[in-house]
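These notes concern the structure reproduced below.
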Amino acid sequence: MFIDYEILKLIWWLFIGLLLAGFAVMDGQDMGVGTLLPFIGRTDDQRRVMINSVAPHWDGNQVWFITGGGAIFAAWPLIYATAFSGFYWAMLLVLFALFFRPVGFDYRSKVANTAWRGTWDWLLFLGSFVPPVVCGVAFGNLLEGVPFHFDDHLRSFYTGSFWALLNPFAILCGLVSICMVVAQGSNYLVLRTEGELQGRAKVCGQISSLLFLALFILAGIWVYMGINGYVITSAIDPNMLPNPMSKTVEVQSGAWFANYMNYPILWIFPALSVAGALLSFVCVSKMKAGAAIVFSSLAEIGTIFTPLVAMFPFLMPSSSNPVSSLTAWDCTSSELTLFTMLFVTIVFLPIVLLYTGWAYKVMSGKLTDAMIQKDSKNLY
């Protein structure tokens, strides 16, 4: 191979982090708009303006989510198997919520009935609100440790319950996630709309940015003061084949801040979240929507990588048996698999980015109530 196995493992840790960040940035804007739909769209035309601002893009944005799941399956099969079995009911909740989005976009405006459209508005809200909250809750549980363990045959056993996932810290992380998404959606609406709807979106962008900032800092303090981290205490070979049981792990206070203390440059990620949220607030307050979207996107990227960097090399710590914890070194696929995936990514990712940019450029500009009324039959 042209690239060392250890480097391939690091590359795929970074790529999967970028895919999650891409999902937060791209799908975050249409989920943010969907979350706001029943609240700031006061008339049917205003709600249709909101829907038509994201409906042409939502399925393309969803590619980041689907690709992220596929990349985890191919690069980290033990993570995929353990997480999708342990978080089974949470995953089903996300899946069923997502069902409401395609049918909601397509069927909501086909019947000119207030009750019909109102029902779909709330279903679109659920399909947009639930996934980011559950993803935030999942990150919270990863930081706390997940109750699973492996037996001698590397069969995983999850010993927790669905309701145990909804602990106070995890719920706080879910609130951080939804505030982050709403800020992104609000900024996007300020860019694409005008008039009263744009004014309400501006206020939502201001409030959600400040709420995100406060909750993000609170979550960081909570981790520092009350959540123990994990440390590998044995020698580990970065080139090793998958075998999570070949190491020793200890639970230590403050361990999730060790990487930040050892490599101060990593503070750039939480700093990016804080600065991005503040600058997003300033820009949306001045109605500079394009800049606000850039800064809220940077805040989302910083927020995704802050816990990933804190936990590295841990990917899924085990609270039941710390030795069973899965790391970037001991749960990855073969060297050939990682290299083949890297080649495919290098070829196709630029194509996806170019197409996405072209699609947004072609369908840019303001959407108004008058446009909805003029071409009502051909719009969502």
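As the structure is a prediction and not an experimental result, all values here were calculated from the model.
- Annotation: I351, atom CD1; neighbour count of heavy atoms from other residues, nucleotides and ligands within 6.0 Å is above 12.
- The closest donor-acceptor contact from the side chain of K247 to the backbone of A235 lies at 3.5 Å or more, if one exists at all.
- N262 places no side-chain N or O within 3.5 Å of a backbone atom of N259 that could act as its donor or acceptor partner.
- The shortest distance between side-chain heavy atoms of F150 and R155 does not fall below 4.5 Å.
- For CG of L14, the number of neighbouring non-hydrogen atoms (other residues, nucleotides, ligands) closer than 6.0 Å is greater than 12.
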**Message:** Determine whether D369 and R48 satisfy the following criterion, salt bridge (Lys or Arg N to Asp or Glu O under 4.0 Å), listing intermediate values before the conclusion.
**Reply:** CA-CA 8 Å; D369 293 8; R48 292 189 71 184; over 6 Å; no
**Request:** Show your reasoning for whether side chain to side chain contact (heavy atoms under 4.5 Å, CB included) applies to F15 and L342.
**Result:** CA-CA 9 Å; F15 269 172; L342 178 61; 3.3 Å; yes
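- The shortest distance between side-chain heavy atoms of V249 and V231 does not fall below 4.5 Å.
- Heavy-atom contacts from other residues, nucleotides or ligands closer than 6.0 Å to CE of M261 number more than 12.
- Between L124 and I51, the closest side-chain pair of non-hydrogen atoms falls below 4.5 Å.
- Ring centers of F105 and Y107: at least 6.0 Å apart, outside the cut-off.
- The structure places CG of L95 at 12.0 Å from CH2 of W89, a figure rounded to the nearest 0.5 Å.
- Counting heavy atoms from C-beta on, the side chains of V362 and W358 come closer than 4.5 Å.
- When all heavy atoms of M26 and N61 are compared, the pair lying nearest together is O-ND2, 3.1 Å.
- Aromatic pair F23/F65: centroids less than 6.0 angstrom apart.
- Counting only heavy atoms from C-beta outward, the side chains of W64 and D27 never approach each other to under 4.5 Å.
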**Message:** Go through it in stages, so that I can follow the logic: the residues are K366 and M371, the test is side chain to side chain contact (heavy atoms under 4.5 Å, CB included), and I'd like the CA-CA distance, side-chain angles, deciding distance and then a yes or no.
**Reply:** CA-CA 9 Å; K366 296 287 186 179; M371 293 175 62; 5.9 Å; no
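- Residues T306 and F269 share a closest heavy-atom pair of OG1-C, 3.5 Å.
- Counting heavy atoms from C-beta on, the side chains of L36 and C204 come closer than 4.5 Å.
- Summarising the local packing, CD of E196 is surrounded by 12 or fewer heavy atoms from other residues, nucleotides or ligands at distances under 6.0 Å.
- Sequence neighbours left out, the pairs with a member in residues 35-47 that pass side chain to side chain donor-acceptor pair (under 3.5 Å) are D44-R108, D44-R117, D45-Q373, Q46-R200, R47-D121.
- In this structure, the separation between NZ on K9 and CG on D4 is 9.5 Å, given to the nearest 0.5 Å.
- Rounding to the nearest 0.5 Å gives a distance of 12.0 Å between CG of L308 and CG of L266.
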Just distance, no hydrogens or angles: give the donor-acceptor pairs under 3.5 Å from side chains in residues 174-186, sequence neighbours left out.
| from | atom 1 | to | atom 2 | distance (Å) |
| --- | --- | --- | --- | --- |
| S177 | OG | P132 | O | 2.6 |
| Q184 | OE1 | S296 | OG | 2.4 |
| Q184 | NE2 | V25 | O | 3.2 |
| Q184 | NE2 | S297 | OG | 3.0 |
| S186 | OG | V182 | O | 2.8 |

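- Across all non-hydrogen atoms, the minimal contact from P244 to L326 is CB-CD2, 3.7 Å.
- Hydrophobic clustering (side-chain heavy atoms under 4.5 Å, transitive across Ile, Leu, Val, Met, Phe, Trp, Tyr) keeps L349 apart from Y355.
- Here CZ of F129 is found 14.5 Å from CZ of F100. Values are rounded to the nearest 0.5 Å.
- Taking the side chain as every heavy atom from C-beta outward, H57 and D30 never approach each other to under 4.5 Å.
- Atom OH of Y88 has 12 or fewer heavy atoms from other residues, nucleotides or ligands within 6.0 Å.
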**Request:** Under the side chain to side chain contact (heavy atoms under 4.5 Å, CB included) rule, what do T332 and W76 come out as? Steps first, then yes or no, please.
**Result:** CA-CA 5 Å; T332 54; W76 300 337; 3.5 Å; yes
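- Both Y158 and V137 are members of a single hydrophobic cluster when ILVMFWY side chains are connected at heavy-atom separations under 4.5 Å.
- Using modelled atom types, one finds no donor on one side chain facing an acceptor on the other under 3.5 Å when comparing T340 with T337.
- Between atom CG of residue L189 and atom CD of residue Q29 there is a gap of 9.5 Å, rounded to the nearest 0.5 Å.
- Looking at every heavy atom in both residues, L278 comes nearest to L213 through CD2-CD2, 3.4 Å.
- Checking side-chain atoms of Q206 against main-chain N and O of F281 turns up no donor-acceptor pair under 3.5 Å.
- Sorted by first and then second residue, the side chain to side chain donor-acceptor pair (under 3.5 Å) pairs involving residues 215-233 (not counting sequence neighbours) are T233-T248.
- A side-chain donor-acceptor contact under 3.5 Å links W12 to the backbone of L338.
- Dense packing is recorded around CZ of F39, with more than 12 heavy atoms of other residues, nucleotides or ligands lying under 6.0 Å away.
- Residue F73 qualifies as open at atom CZ: its count of foreign heavy atoms under 6.0 Å is 12 or below.
- The closest side-chain donor-acceptor pair between T327 and D330 falls under 3.5 angstrom.
- The two residues G34 and S128 make their nearest non-hydrogen contact at CA-OG, 3.4 Å.
- In the hydrophobic clustering of ILVMFWY residues, with side-chain heavy atoms under 4.5 Å counting as a link, L315 and I236 come out together.
- The only option from Y260, W329, W256 that meets the ring pair (Phe, Tyr, Trp, His ring centres under 6.0 Å) definition with F312 turns out to be W329.
- Going from atom CD of E335 over to atom CD1 of I7 covers 11.0 Å, rounded to the nearest 0.5 Å.
- Formation of a donor-acceptor pair under 3.5 Å by the Y188 side chain with backbone atoms of S53 is found in this model.
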**Request:** Go through Y5 and F339 one step at a time and tell me if the ring-ring contact (aromatic ring centres under 6.0 Å, His included) criterion holds.
**Result:** CA-CA 9 Å; Y5 194 20; F339 182 80; over 10 Å; no
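- With hydrogens and angles disregarded, no donor-acceptor distance shorter than 3.5 Å links the side chain of T82 to the backbone of I79.
- Judged by distance alone, with hydrogens and angles left aside, the side-chain atoms of N167 form a donor-acceptor pair with the main-chain N or O of A164 at under 3.5 Å.
- Hydrophobic cluster membership is shared by I293 and V274, with clusters built from Ile, Leu, Val, Met, Phe, Trp and Tyr side chains linked at under 4.5 angstrom.
- With a 4.5 Å cut-off on side-chain heavy atoms, S319 and E144 do not count as touching.
- The hydrophobic cluster containing F162 also contains M316, counting ILVMFWY residues as joined when their side-chain heavy atoms lie under 4.5 angstrom apart, directly or transitively.
- At distances below 3.5 Å, at least one donor-acceptor pair connects side-chain atoms of R192 with backbone N or O atoms of G365.
- Looking at S318 and S325, their side chains never bring a donor and an acceptor atom within 3.5 Å of each other.
- In this structure, F148 and T159 approach most closely via the heavy-atom pair N-OG1, 4.4 Å.
- The environment of NZ in K286 is sparse: at most 12 heavy-atom neighbours from other residues, nucleotides or ligands sit within 6.0 Å.
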